[in-house]
Amino acid sequence: MKANFNFFTMLFLGALFFASCEEDNFSKEEEGKVDTSVETMQKVSSYFGSIESLSINNGTNCTNNILMFPSWDVYWQTVDQLDDMIDSYCDAFDATVPSGISDDQYDALADAAGFDEDDKLVQFESDLEFCSLRANIVALEEIWLDQQGDGLWDPTTDPDNHFIDDETERALLSVNAEVLIGDKSNFVYYKFLDDNGNYIEVHNNDQQAMAQVGSGNVPSGNPNVVVVEEQRIDPPSGCKYKVKEVGYHYDDANGKRLKQISKIRREFGNVYGTSVISKSRIKAKTKGYRKKNGKWKNRRTWITAGIDGAIVESDGIGYNACQSIVDPIKKIKEKRRRRVKAKMTIEPFDGTLPDLQYLSVKDNKLYSLHKQGQILIINKDFYDMPID
């Protein structure tokens, strides 16, 4: 059986000091003069000077409802940089916390110090006065969780199960999963339809088309509107390159639950020409839930997310285009958090198969690890997951 189920006030002052003194290591660039080729430009990021928030007619009830990035490279770099800042911020707080304390004691220290693991994302959004997909889902998820009992949860009703499953990336996208790439004189509007590589482009600053697409209508016969479909690969039998699975796992006897999110995808914006040469992203994400006062909440608890092998925390193996072996793959993150993610980016491979390069998996070689404490432990073979 491939899934491995083994079911289931000195430092306090230091925490307060940390919260009051921690400073962001951001670089600020001059805003400069702005034109109005989209609509009135609202804000330039104080943290990443090349990112701007703007307003378009996309059916949302907020002023700054979309971000503009100069390139896809900057978009993905921003995701990685924000992730690094989140980790640094959280690790610095953890350094002030005594070992061996309970989850409730940790929560008390965090609340007293004003510590919030989403602080960097909130700052990023607030600085741009941007209403993001992330903030929208957080509000909806709180309502949904408040309604959940001890039975099986329906993943189709969970607002957190949006196809954009990464909180950091959600902070960069509009409520409609939109983004602008380019500059105000020459940009392309993108609306993601899923995370498989299907999306819609709007060119030439066609405001009417952007409004239609943002509202869920695709105008026909408009040369400014391009519907892009996934570039499919037909790997040989016994090999997969694109999988995803979301599952809930239960330890109600101890008042704990977790959600497993496992995914392998080619990175959007890195497909060159007609060849399939693309970075690949492997992700394992764990969300921890605890019951308090009779209600399930996404609360801080010891959770683990990892990319490993068949034996927990051993090296996993990936393949280049189902053939040559990629260097051993392993990444494990264990923290007291509401969520933890382990992710790896595999660069295009050089020197072999120049027209067909992508990460792939085979049976019993690469696994997705999810733990809550030492009782609820899940290790699932990526190869056994569905191709969605």
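We count residues from 1, following the sequence as given.
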Q. With side chains defined as the heavy atoms from C-beta onward, is the minimum distance between K242 and I264 less than 4.5 Å?
A. no

Q) Where the side chain of E117 meets the backbone of R338, is there a donor-acceptor pair that is under 3.5 Å apart? A) yes

Q | Within 45° cone and under 6.0 Å: K362 NZ/CZ vs Y319 ring | A | yes

Q. Can you find a heavy atom in the side chain of P219 that is under 4.5 Å from one in the side chain of V213?
A. yes

Q | Where K335 and V340 come nearest, the two heavy atoms and their spacing | A | CB-CG2, 3.8 Å

(Q) Less than 3.5 Å apart, any donor N or O on the side chain of Y47 or Q81 sitting next to an acceptor on the other? (A) no

Q) For the rings on F124 and F130, is their centre-to-centre separation under 6.0 Å? A) no

Q. Quick one: do the S174 and N65 side chains pair a donor with an acceptor below 3.5 Å?
A. no

Q.
T286: which residues meet the side chain to side chain donor-acceptor pair (under 3.5 Å) condition with it, sequence neighbours left out?
A. H370

Q | Shortest non-hydrogen separation from A209 to V202 and the atoms involved | A | CB-CG1, 3.8 Å

Q) W153 ring centre to R257 NZ or CZ under 6.0 Å, with the angle to the axis within 45°? A) yes

Q. Considering only heavy atoms from C-beta outward, does the side chain of I164 approach that of I137 to under 4.5 Å?
A. no

Q | Side-chain donor-acceptor pair present, Q207, N205, cut-off under 3.5 Å | A | yes

Q) Distance only, no hydrogens: is a donor on one side chain within 3.5 Å (strictly under) of an acceptor on the other, for S55 and N64? A) no

Q) Should F48 and V179 be counted in the same cluster of Ile, Leu, Val, Met, Phe, Trp and Tyr side chains packed under 4.5 Å apart? A) yes

Q: Compute whether any side-chain donor of one residue and acceptor of the other, for N136 and R170, lie under 3.5 angstrom apart.
A: no

Q: Can you sort out the partners of T63 under side chain to side chain contact (heavy atoms under 4.5 Å, CB included), two or more places apart, ordered by chain and number?
A: Q42

Q.
Tell me if the aromatic rings of W296 and W144 count as close, with their centers under 6.0 Å from one another.
A. no

Q.
Can a donor-acceptor pair be found, under 3.5 Å and without considering hydrogens, that links the side chain of S126 to the backbone of Q123?
A. no

Q.
Suppose we screen for salt bridge (Lys or Arg N to Asp or Glu O under 4.0 Å). Which residues come up paired with D154, at least two apart in sequence or across chains?
A. none

Q. With ILVMFWY side chains joined below 4.5 Å, transitively, what does I261's cluster contain besides itself?
A. V246

Q) Does S368 offer a backbone N or O that forms a donor-acceptor pair with the side chain of K380 under 3.5 Å? A) no

Q: Could you tell me whether the side chain of W72 reaches within less than 4.5 Å of the side chain of Y190, counting heavy atoms only?
A: yes

Q.
Please determine whether a side-chain nitrogen of the Lys or Arg among E141 and K287 lies less than 4.0 Å from a carboxylate oxygen of the Asp or Glu.
A. yes

Q. With a 4.5 Å heavy-atom cut-off, do L359 and N320 have their side chains touching?
A. no

Q) Would you call D165 and K285 a salt bridge, taking side-chain N to carboxylate O under 4.0 Å as the test? A) no

Q) What pair of heavy atoms forms the shortest contact from R336 to S102, and how long is it? A) NH2-C, 3.9 Å

Q. Does D166 pair with R281 as a salt bridge, N-O distance under 4.0 Å?
A. no

Q.
Between K330 and E313 (side chain of the first, backbone of the second, donor and acceptor by atom type, cut-off under 3.5 Å), is there such a pair?
A. yes

Q. Are the aromatic rings of F93 and Y106 close, with centres under 6.0 Å apart?
A. yes

Q: Examine distances only and state if a side-chain atom of K120 and a backbone atom of Y89 form a donor-acceptor pair shorter than 3.5 Å.
A: no

Q. So, the side chain of D363 versus the backbone of Y383: is there a donor-acceptor pair under 3.5 Å, distance only?
A. no

Q: Give a yes or no answer on whether the side chain of K295 reaches the backbone of D146 with a donor-acceptor pair at less than 3.5 Å.
A: yes

Q. Quick one: do the D83 and T168 side chains pair a donor with an acceptor below 3.5 Å?
A. yes

(Q) Please check: side-chain N/O of D183 versus main-chain N/O of N186, any donor-acceptor pairing under 3.5 Å? (A) yes

Q: Using a cut-off of 6.0 Å, state whether more than 12 heavy atoms not belonging to I311 lie near its atom CD1.
A: no

Q.
Looking only at the side chains, is there a donor atom on one of N58 and T60 sitting less than 3.5 Å from an acceptor on the other?
A. yes

Q.
With no hydrogens and no angle check, just 3.5 Å: does a side-chain donor-acceptor pair link K259 and N161?
A. yes

(Q) Using the rule side-chain contact (heavy atoms from CB on, under 4.5 Å), only one of I377, I378, L258, L369 pairs with T304; which is it? (A) L369

(Q) Quick check: do D104 and K292 have side-chain heavy atoms less than 4.5 Å from each other? (A) yes

Q: Using modelled atom types only, decide if a donor and an acceptor are shared between the side chain of K191 and the backbone of M210 within a distance under 3.5 Å.
A: no

**Q.** By side chain to side chain donor-acceptor pair (under 3.5 Å) - contacts of N224 (at least two apart)
**A.** N204, D206

Q) Should F187 and M68 count as side-chain neighbours, where that means a heavy-atom distance under 4.5 Å? A) yes

Q) Can you name the closest pair of heavy atoms from A342 and A305 and give their distance? A) CB-O, 3.6 Å

Q: Indicate yes or no for a side-chain donor-acceptor contact from D194 to the backbone of N198 under 3.5 Å, with no hydrogens or angles considered.
A: yes

Q: Indicate the atoms forming the closest heavy-atom contact of V218 with I200, along with that distance.
A: CG2-CD1, 3.5 Å

**Q.** With sequence neighbours excluded, residues passing side chain to side chain donor-acceptor pair (under 3.5 Å) with Y189
**A.** E178

Q: Anything under 30° is parallel, anything over 60° is perpendicular, the rest tilted; go ahead and classify Y248 against Y289.
A: tilted

Q | Result of checking D315, I332, I329 against D308 for side-chain contact (heavy atoms from CB on, under 4.5 Å) | A | I332

Q. Do you see a donor-acceptor pair shorter than 3.5 Å between the side chains of S262 and E245?
A. no

Q) Where is the tightest heavy-atom contact between E230 and N196, given as atom of each residue plus distance? A) CG-O, 3.2 Å

Q. Among side-chain atoms of S71 and D73, is any donor-acceptor pair under 3.5 angstrom?
A. no

Q) Does K263 come within less than 4.0 Å of D195, counting only side-chain N to carboxylate O? A) yes

Q | Flag side-chain contact, heavy atom, 4.5 Å: I282 against L366 | A | yes

Q: Mark yes when over 12 heavy atoms from residues, nucleotides or ligands other than D91 sit less than 6.0 Å from its CG; otherwise mark no.
A: yes

